[in-house]
Number of protein chains: 2
Amino acid sequence: MEKNWTPVTAAKGVEQALKIFDGKWKLVIMFHLFGGQVLRFSELEKAIPTITQKMLIQQLRQMEVDGVVRRIVHAQAPPKVEYALTDWGQALCPALDALLKWADLRENHDR
Amino acid sequence: MEKNWTPVTAAKGVEQALKIFDGKWKLVIMFHLFGGQVLRFSELEKAIPTITQKMLIQQLRQMEVDGVVRRIVHAQAPPKVEYALTDWGQALCPALDALLKWADLRENHDR
DNA sequence: CCGTATCCGACTAGATACTG
DNA sequence: CAGTATCTAGTCGGATACGG
């Protein structure tokens, strides 16, 4: 069945989608995890040197709640926690590609 | 020729694209103008009753600078100014659709 | 009709220090 | 290793009043 969008509801729909990767670091994190990569907390820290621990954990938690990231805890000492994208998270890739493609179009319309 | 993205540059690329419709009202405005609609300043105000004049003009100006909106001034009294999307602005539609489609996928992965 | 100018509260992210 | 807690500066949007 089809949805019938009004300008307002369509905008709200997109905003909902955007909110899920809104936050200064979520895209960077996602791109590090695309392709099925599984990284530890400390590996993400090293991969993104300018992020603080606070921001890293905050963004990861929100992404987990939103269902784009999976948190994998290994019960050991010392602690080991890994992060990976969910299937749904991986599925964002094509949409982001579309955005990149659109940004590239600008050259043809600018002067 | 192909670009070779790193996680960081890809994220920056998407962020650049996102910035262009970032701001609380830009998407709403765009959805009102999709399909070639041409609207006057006052018509946009009526179409989006909760926006203030300040925000409306601010978002429109930025969108104009960024090249997604075209400003059409008719030299008359009383003043008449119309706004429309550029070709590039219209070209955003598919990418936003991809985002909407992705958001819909969530049902299949949630429980 | 189509804007501009100013003030102000809310939210975000960074710095920093500390813990199981 | 993998977090938590607190404080603060900067940014964004809303309210309101005024101008060509």
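In what follows, every chain begins at residue 1, and chains take the letters A, B, ... in the order their sequences are listed.
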- Message: With side-chain contact (heavy atoms from CB on, under 4.5 Å) as the criterion, how do A:T86 and A:V69 come out once you've worked through the C-alpha distance, each side chain's angles and the decisive distance to 0.1 Å?
- Response: CA-CA 5 Å; A:T86 61; A:V69 155; 5.8 Å; no
- Query: Any side-chain hydrogen bond (donor to acceptor under 3.5 Å, both in side chains) pairs touching residues 3-13 of chain B, not counting sequence neighbours?
  - Reply: A:D104-B:K3, B:T6-B:T9
- Message: It should be established whether A:R71 places a side-chain nitrogen or oxygen under 4.0 Å from OP1 or OP2 of nucleotide D:dA2.
- Response: no
- Message: Can you list, by chain and residue number, the hydrophobic cluster partners of A:I72 when the side-chain cut-off is 4.5 Å?
- Response: A:V38
- Message: Base contacts versus sugar-phosphate-only contacts with protein, heavy atoms under 4.0 Å: please encode nucleotides 12-20 of chain D as B, S and - from 5' to 3'.
- Response: -BBB-----
- Task: Kindly compute the distance separating CD (B:E45) from OG1 (B:T52), expressed to the nearest 0.5 Å.
- Result: 9.0 Å
- Rounded to 10°, the helix from C:dG3-D:dC18 to C:dG20-D:dC1 deviates from straight, judged by its five-pair end axes, by 40°
- Message: I'd like to check the side chain to side chain donor-acceptor pair (under 3.5 Å) partners of B:R61; sequence neighbours left out, ordered by chain and number.
- Response: none
- Message: Going by side-chain contact (heavy atoms from CB on, under 4.5 Å), name the residues that satisfy it together with A:K46, two or more places apart in sequence or in a different chain.
- Response: none
- Query: Can you list, by residue number, the residues of residues 29-44 of chain A that have a non-hydrogen atom closer than 4.0 angstrom to DNA chain C?
  - Reply: none
- Note on the structure: Hits for side-chain contact (heavy atoms from CB on, under 4.5 Å) against B:A95, two or more places apart or cross-chain, chain-then-number order -> A:A98, A:L99, B:L92
- How close or far is atom C1' of D:dA2 from atom CD of A:E45, stated in whole angstroms? 8 Å
- Message: Can you list everything that forms a side-chain contact (heavy atoms from CB on, under 4.5 Å) with A:K19? Sequence neighbours excluded, please.
- Response: A:Q16
- Could you tell me whether the side chains of A:R71 and A:Y83 share a donor-acceptor contact shorter than 3.5 Å? yes
- Note on the structure: For B:K80, the side-chain contact (heavy atoms from CB on, under 4.5 Å) test, sequence neighbours excluded, returns B:R40, B:H74, B:Q76, B:E82
- Message: Donor-acceptor check, side chain of A:W88 to backbone of B:W102, threshold 3.5 angstrom: yes or no?
- Response: yes
- Message: Less than 4.5 Å apart, side chain to side chain, heavy atoms only: is that true for B:L18 and A:L27?
- Response: yes
- Using whole Å, report how far CG of A:L56 lies from P of D:dG3. 9 Å
- Task: Only pairs at least two apart or in different chains count here, so list each ring pair (Phe, Tyr, Trp, His ring centres under 6.0 Å) that has a residue in residues 22-57 of chain B.
- Result: B:F31-B:F34
- Give the first and the last nucleotide of DNA chain C, reading 5' to 3', that has any atom under 4.0 Å from a heavy atom of chain A. C:dA13 to C:dG20
